[in-house]
Amino acid sequence: GSILWQKSNSYLETLDPDTAAKVRRDQPEFDRTRGELATRQRELQQQERVLKDTPDNAEAVQKADTLRRQIAELKEKLK
């Protein structure tokens, strides 16, 4: 069998034109936020490893708490 036609089925094609335009406009900001979230999550994992080795390290505890707050804010922004 040969392919008789090809049609893309993207998410944007299912949206009305106004909503699709808004999604296209907001996509770069969404991607930046998602990248920043991934970076903060990696940093938090690193801090949690430090805390596992030295649980009394006040600086690591403070940094981990700050990272958790930042992660929560970024997740909220992505909603």
Side-chain angles (χ1 to χ4, degrees):
S2 62
I3 297 174
L4 300 177
W5 73 88
Q6 290 184 331
K7 174 134 175 82
S8 65
N9 293 316
S10 74
Y11 171 71
L12 290 176
E13 291 174 356
T14 63
L15 301 173
D16 63 87
D18 293 336
T19 305
K22 182 182 182 307
V23 169
R24 281 187 195 95
R25 186 182 69 240
D26 294 344
Q27 188 67 41
E29 178 64 27
F30 177 80
D31 291 341
R32 277 192 297 277
T33 302
R34 196 171 46 184
E36 190 175 333
L37 176 62
T39 300
R40 297 292 179 265
Q41 287 173 330
R42 281 192 300 274
E43 291 173 1
L44 178 59
Q45 288 174 344
Q46 183 180 20
Q47 285 303 312
E48 287 175 341
R49 277 187 244 121
V50 169
L51 286 171
K52 185 177 179 183
D53 295 338
T54 56
D56 296 333
N57 186 339
E59 182 181 333
V61 169
Q62 182 180 6
K63 185 164 183 170
D65 289 341
T66 301
L67 288 168
R68 285 186 192 101
R69 268 187 258 109
Q70 290 174 348
I71 288 169
E73 291 170 4
L74 289 169
K75 284 182 177 180
E76 192 62 34
K77 189 176 180 181
L78 290 176
K79 287 185 179 181

**Message:** Test of understanding: clusters of I, L, V, M, F, W, Y form through side-chain heavy atoms closer than 4.5 Å, transitively. Do Leu67 and Leu74 belong to the same one?
**Reply:** yes

**Prompt:** Stepwise, does the side chain to side chain contact (heavy atoms under 4.5 Å, CB included) test hold for Glu36 with Thr39?
**Reply:** CA-CA 5 Å; Glu36 190 175 333; Thr39 300; 5.6 Å; no

Return the [atom1] to [atom2] distance between [X] and [Y], rounded to the nearest 0.5 Å.
| X | Y | atom1 | atom2 | answer |
| --- | --- | --- | --- | --- |
| Asp56 | Thr54 | CG | OG1 | 8.0 Å |
| Asn57 | Lys52 | CG | NZ | 16.0 Å |
| Arg25 | Lys22 | CZ | NZ | 6.0 Å |

Any idea which heavy atoms bring [X] and [Y] closest together, and the distance?
| X | Y | answer |
| --- | --- | --- |
| Gln6 | Ile3 | CG-CG2, 3.8 Å |
| Ile71 | Leu37 | CG2-CD1, 3.7 Å |
| Ala60 | Val50 | CB-CG1, 3.9 Å |
| Gln47 | Ala64 | CB-CB, 4.2 Å |

**Request:** Would you mind reporting whether Gln46 and Lys63 have side-chain heavy atoms less than 4.5 Å apart?
**Result:** no

**Prompt:** Side chains of Arg34 and Asp31: closer than 4.5 Å at any heavy-atom pair?
**Reply:**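 Side chain of Arg34 against side chain of Asp31, heavy atoms only: contact under 4.5 Å found.
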
**Item:** Given Gln62, Arg69, Arg68, the one that forms side chain to side chain donor-acceptor pair (under 3.5 Å) with Asp65
**Value:**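 Filter result, single survivor: Arg68.
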
**Item:** side chain to side chain contact (heavy atoms under 4.5 Å, CB included) evaluation trace for Lys75 with Arg40
**Value:** CA-CA 11 Å; Lys75 284 182 177 180; Arg40 297 292 179 265; over 6 Å; no

**Request:** Using a cut-off of 6.0 Å, state whether more than 12 heavy atoms not belonging to Glu29 lie near its atom CD.
**Result:**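 More than 12 within 6.0 Å, yes.
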
